[in-house]
There are 2 protein chains.
Amino acid sequence: MKLSERKLKILQAIITDYIETAEPVGSRTLSRKYDLGVSAATIRNEMAELEEDGYLKQLHTSSGRVPSDKAYRLYVDQLMESRILAKIQREALRESLMQKFHEVQNLLKHSAEYLSEITDYTSIAMAEKNKENRIKHLQLVPVDEERILVVLIMDTGLVKNTLLRIGENLDPRELQKISNLLNHHLQGMEILQVSQLVIENIQRELYEYRRAIELILMHLQEVVKEVEQIDVFFSGTTNIFNFPEFNDIVKARSFLAMLEEKELIKNLLTLPDKEGLRISIGRENLYDIAQECSLVTTTYKIDNRTIGHLSVIGPTRMDYTKVVSIMLQLNKQLNDLLRDNY
Amino acid sequence: MKLSERKLKILQAIITDYIETAEPVGSRTLSRKYDLGVSAATIRNEMAELEEDGYLKQLHTSSGRVPSDKAYRLYVDQLMESRILAKIQREALRESLMQKFHEVQNLLKHSAEYLSEITDYTSIAMAEKNKENRIKHLQLVPVDEERILVVLIMDTGLVKNTLLRIGENLDPRELQKISNLLNHHLQGMEILQVSQLVIENIQRELYEYRRAIELILMHLQEVVKEVEQIDVFFSGTTNIFNFPEFNDIVKARSFLAMLEEKELIKNLLTLPDKEGLRISIGRENLYDIAQECSLVTTTYKIDNRTIGHLSVIGPTRMDYTKVVSIMLQLNKQLNDLLRDNY
DNA sequence: ATTAGCACTCAATTAAAGTGAGTGCTAATA
DNA sequence: TATTAGCACTCACTTTAATTGAGTGCTAAT
């Protein structure tokens, strides 16, 4: 049941026009605006068939047609032609990213800002906080008589600090000793594996500091809880107001409310992983409120472990061509950066 | 030009009613709903005079009246009676805060979440990133062969990490040596004071590591730039949709757009400092877009230096009584926590 | 000084009429 | 047989008019 060349051409024109105008498109407009080589009547007949096949929808009997999710799917899979970013833009991007890569979190955050600014849609950065984070290094830093700073470095590049009030007065050398011991035992472990048993083993080895060690490890557990929280960052949330389909207070509100549901956002961004770039269109998204939106999502990895996601979200009528080409570029740049630095 | 007892009573009733309903209030409603002991006609006369004095506004000749900013000002300064939070609520709050106080940033963030949830308005947490941050401690942590982590602890409790790729292969002992030297020179300094001269002095003392030292200090300067960025966090932004006065897409949009203007938000929260709790009402705010809003703001300090602000923002018709009493409670709890821990 | 009564105002709601883009069908045409 | 012009019909949207009702200001009575 393949579509004829002509049907594809008409469908493409409809989608292009609708992406641009957000207005249902009729046969007359189409024949005037695009050079399709056939009359409005012919287009009308083709449109009727396209509607039968589920590619177009009519809001009411005498309105123009609007592309369905199925049409967008066809569009992104077959019709869309990828544009290339101007080289100069690419280099500006690289510049701007280079300055921000101190932390993975920041890198994603700034990428999101870049994305929303250049696409005019809303973008989402999510740092994946998977439990398989392994401890790479742990350092105790003396702050003053009463307190120490526990610095935890994970192999994914994640760094966590905890300011800790410790009963005893430990001098730097003692701290270093504890640090070394903890590192020896904990390096390479997932933090959830640090069981009571492990703690006791460590305590046995440095019995005189058992209280401090317990305090530290207890706190690490708490830090883990925080780490497991989802870390989501948005940019350009108010861009949604630019789109007529959200130009009604109820729609805009539910869109913004959706963004506040971090669990939901997480599920939207972390669907079973198709490689590279994933596009989910309208009702393909399982959540009610997301069904009038499309997402273009890329996933970032270090050593084959996922560290985060970037996503552009907008109306189903989004400019897929633009968004996809921008995200592909960004993806390439980011992966280069990650490979070089982590 | 003081208002009579009766006028005050009527004004109070009008404000209370308008806070509750968001509808212009008329003389009849007023006399029926509140026990003012006079007839609607009398109230009408009083209202006319209150309007002359600028406490009330009429949207059109035959509408009820709405309180002006001047009325709200009178209300918060004189009429408002502070409620006390139930003790049980207080203790739940303390519990919830205690678990989050690892970092100043987190403390403010969680407080904001608490505020927006319990008030149903939007809340803002802003960490003041003033340049007078002094270096308390600096620690170099080895990560792997190629990279070190620079941990910077400021006396305000702010902690900053920078992952740094360093050319040379430094063993932990060498790193410690550099750490010590840097601490010796830098402790107590504002980071902007770390001039080229200081850097050169340090380099002279540990000439063999001059390259590493330069790298580290260069990076610190960059970190400072980040630190100087304003760090603003919002909670409950979509609560604004609950209020009929923002139930129009243009208003809602400009409110949300305002929140994205960090500089503006900063200026709103950091007005010349009245002690404790500050209420700015409507046109008292200098920015156009904020003129239909009121803010209740508290400022937090450690050792007399401002570390952050918390604010509740909503329509001028906000429930000042509720917001103020909640913020006073929170203020007390937070100050206790800060005093005990930093 | 207070209040009841009444004519008047004006936003908001409802109802009706008019407009126009777009469709489906049919018959003519290439 | 595929395409197109023509035409009657549909239906959301806009415009205009009529209706409603909460609220006011003024006046005269209490």
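- A:Lys57 has no carboxylate O lying under 4.0 Å from a charged side-chain N of A:Glu51, or vice versa, which leaves the two without a salt bridge.
- Between the side chains of B:Tyr121 and B:Asp319, no donor-acceptor pair of N or O atoms lies under 3.5 Å.
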Note to self: Pairs counted only when both distances fall under 3.5 Å, Watson-Crick or G-U: show me the 5' to 3' dot-bracket for DNA chain D, [ ] for pseudoknotted crossings and | for other-strand partners.
What the structure shows: ||||||||||||||||||||||||||||||
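- Interface limits on DNA chain D: the 5'-most and 3'-most nucleotides within less than 4.0 Å of chain A heavy atoms are D:dT3 to D:dA12.
- Remark: of the listed residues A:Ile279, A:Thr297, A:Val296, A:Val296 is the sole one forming a side-chain contact (heavy atoms from CB on, under 4.5 Å) with A:Met327.
- Between the side chains of B:Ser123 and B:Glu113, no donor N or O sits under 3.5 Å from an acceptor N or O.
- Residues from residues 24-42 of chain B that place a heavy atom under 4.0 Å from any atom of DNA chain C, listed by number: B:Val38, B:Ser39, B:Ala41, B:Thr42.
- Between C:dT9, C:dA11, C:dA21, one nucleotide has an atom nearer to the side chain of B:His60 than all others, and that is C:dA11.
- A salt bridge does not link A:Glu245 to A:Lys251: none of the charged nitrogens lies less than 4.0 Å from a carboxylate oxygen.
- Comparing A:Thr61 and B:Leu59 by the nucleotide of DNA chain C whose heavy atom lies nearest to each, the residue mapping closer to the 5' end is B:Leu59.
- Neither side chain, A:Glu292 nor A:Thr316, offers a donor N or O lying under 3.5 Å from an acceptor on the other.
- Residues A:Tyr114 and A:Ser235 bring no donor and acceptor atom of their side chains to less than 3.5 Å of each other.
- A heavy-atom distance below 4.0 Å to DNA chain D is reached by none of the residues of residues 246-254 of chain A.
- Partners of A:Arg253 under the salt bridge (Lys or Arg N to Asp or Glu O under 4.0 Å) rule, at least two apart in sequence or in another chain, do not exist in this structure.
- Rounded to an integer number of Å, the gap from CD1 of B:Ile43 to C1' of C:dA1 is 15 Å.
- A salt bridge between A:Asp77 and A:Arg73 is present, with a side-chain N of the basic residue lying under 4.0 Å from a carboxylate O of the acidic one.
- The environment of A:Lys266 atom NZ is sparse: at most 12 non-hydrogen atoms of other residues, nucleotides or ligands sit within 6.0 angstrom.
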Next item on the list: Evaluate side-chain contact (heavy atoms from CB on, under 4.5 Å) for A:Arg6 paired with A:Ile10, printing each intermediate quantity in order.
Entry: CA-CA 6 Å; A:Arg6 192 168 71 184; A:Ile10 291 174; 4.2 Å; yes
Between side-chain atoms of residues 28-37 of chain B and protein atoms elsewhere (two or more places apart, or another chain), which donor-acceptor pairs fall under 3.5 Å?
| from | atom 1 | to | atom 2 | distance (Å) |
| --- | --- | --- | --- | --- |
| B:Ser31 | OG | B:Arg28 | O | 3.0 |
| B:Lys33 | NZ | B:Asp17 | OD1 | 2.7 |
| B:Tyr34 | OH | B:Asp17 | OD1 | 2.8 |

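- Side-chain N/O atoms of A:Thr321 and A:Tyr75 include a donor and acceptor closer than 3.5 Å.
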